[in-house]
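Here's the structure we're looking at; comments come further down.
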There are 2 protein chains.
Amino acid sequence: MSVWDRPEPPSRPVPLDRERIVAAAIALADEGGLAAVSLRKLAARLDAGPMRLYGYIATKEELFDLMVDAVHAEILPEERPGDWREALRTLAHRTRRAALRHEWLADLLGGRPTLGPNGLAVTEATLAALDGLADIDTAMRAAETVSAYFIGAIRREIAHLRAERATGLSERDWQRASGPHITRMLATGRFPALTKAVYDGTDVDAETSFATGLDWVLDAVAARLTRPPE
Amino acid sequence: MSVWDRPEPPSRPVPLDRERIVAAAIALADEGGLAAVSLRKLAARLDAGPMRLYGYIATKEELFDLMVDAVHAEILPEERPGDWREALRTLAHRTRRAALRHEWLADLLGGRPTLGPNGLAVTEATLAALDGLADIDTAMRAAETVSAYFIGAIRREIAHLRAERATGLSERDWQRASGPHITRMLATGRFPALTKAVYDGTDVDAETSFATGLDWVLDAVAARLTRPPE
DNA sequence: AATGCAAAAATACAGTGTATCGATATGAGA
DNA sequence: TCTCATATCGATACACTGTATTTTTGCATT
């Protein structure tokens, strides 16, 4: 054995911290979905044994929480936008785009309360945007309603997107996308309104549809913000 | 050995079908959450070997789809209610109540397109309620917006409920619920609006909050239904 | 240089979804 | 009624999971 092919010395333990761990976990999830995040694979990426991670995170669920919080840092806009409506719209769209970058986010969104610093900062930004425009209770209701909408909308969109991808790229919405199954179902005549919608509906791109629904919800919120602040 | 303690004869294979399997899976999930649904445990409940299930379902994901579709049968109301608003409200509330009966539903809601017969029937009922009140595209947008709202709202509510349960029953919303962590965070002064909301906000019960947000969204929908049908 | 200690690695365990293969029971044909 | 083919079911197996426990290691201090 020459000096050239001397085996790598056993790599000195790389210093670890939550940030590095979470970043690696996010990378893993981006590549292969949440299911690809196993503590063994994650540790391997960090040149560590699996058990080493337990010095930094207590459980896998906690790791997921940290991942979500890390993405919330991407969601938070750098400068505060003009009016409340713009602020809320921006937050919603940024969340959506984050979910398109990190599809696994859709699996976690709304699944657990977001109590990390960045998650709280997003909530803070939402409530701050509404501050002074209505009493606190109305503001909270508004924040919750808007975020309920975009959590649901994002989950639906990602679910849809995955289904399309799984059945092979299908241009038309999902009639022939989901294969003969759907068409057969519709052919039974038990779903007339749905059938009409599928065949006669214009399919708009996901972003527009998201934005439209969001605008409706924001309109609804606007209608309650007329009351003066307490 | 007397006739009395003769061992049970090897139980003849109980006839199986998807319905029985799904019912057992739902029972299991109701008791211990989605995580408690393993093919081994499920098979054991049905006096069968694990592999036997694969004659009826292709994969565990498919089992989950079937479970969701079965619950959609509970969601579908028996008689069609009066106007569109009542119809949509009823569907939302029935979905919520189903999720309170079957908390695991919150984990699955919106996670995959609902293409089963009962899921389709629910979509059909939604669209049918809007039929004739607007053009198809508006109706679809309305249906999607409303269901996005309640999917998100239900997920948040269940997540919140679980968090409360985990930290021990805490009456006050989540300030001291999440233990010292939250209070410490709020004490940093980095979240003034949030702090005010937590301390000065009235905490309303979950059902009311769900209903209120839903009404806002329904108002927004109503504002778009003025246009005559195509 | 020896010793104590903290940190990391190895091992272990109980469980998972699912592929493969061997036994077995059932129905058909002779 | 007996034999054989076939479909069904169970057992076994595999690669992996999250995590508890035990063993080894390397470093700092005496």
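So you know, we letter chains A, B, ... as the sequences are listed, proteins then strands, and number each from 1.
- Rounded to whole Å, atom C1' of C/dC21 lies 17 Å from atom OH of B/Y54.
- Side-chain atoms of A/M51 lie closest to D/dT19 of the nucleotides D/dT19, D/dG10, C/dA8.
- By the 6.0 Å and 45° rule, B/R18 does not stack over the aromatic ring of B/Y56.
- Rounded to whole angstrom, the span from the CG atom of B/L46 across to the C1' atom of D/dG10 amounts to 15 Å.
- A close approach under 4.0 Å does occur between a side-chain nitrogen or oxygen of A/K41 and OP1 or OP2 of D/dT17.
- The listed nucleotides are D/dT19, C/dT18, D/dG18; the one nearest the side chain of A/P50 is D/dT19.
- In this structure, CD1 of A/I57 is placed 10 Å from C1' of D/dG18, rounded to the nearest angstrom.
- Summarising the geometry, the separation between NZ on B/K60 and P on C/dG15 is reported as 14 Å, rounded to the nearest angstrom.
- When the nearest nucleotides of DNA chain C are assigned to A/R40 and B/T59 by heavy-atom distance, the more 5′-ward of the two goes with A/R40.
- Remark: P of D/dT17 and CZ of A/F64 are 12 Å apart, rounded to the nearest angstrom.
- Note: CD (A/E61) to P (D/dT17) measures 18 Å, nearest angstrom.
- Note that the CD atom of B/E74 and the CZ atom of B/R94 stand 9.0 Å from one another [nearest 0.5 Å].
- Minimum atom distance to the side chain of A/R52 is reached by C/dA9, of the listed C/dT18, D/dG18, C/dA9.
- The separation between A/E62 atom CD and D/dT19 atom P is 10 Å, rounded to whole Å.
- Nearest approach of A/V37 to A/L28, heavy atoms of both residues: CA-CD2, 3.8 Å.
- Geometrically, A/R112 does not engage A/F64 in a cation-pi contact, judged by NZ or CZ lying under 6.0 Å from the ring centre and within 45° of the ring axis.
- Atom CG of A/L16 and atom P of C/dA9 are 10 Å apart (whole Å).
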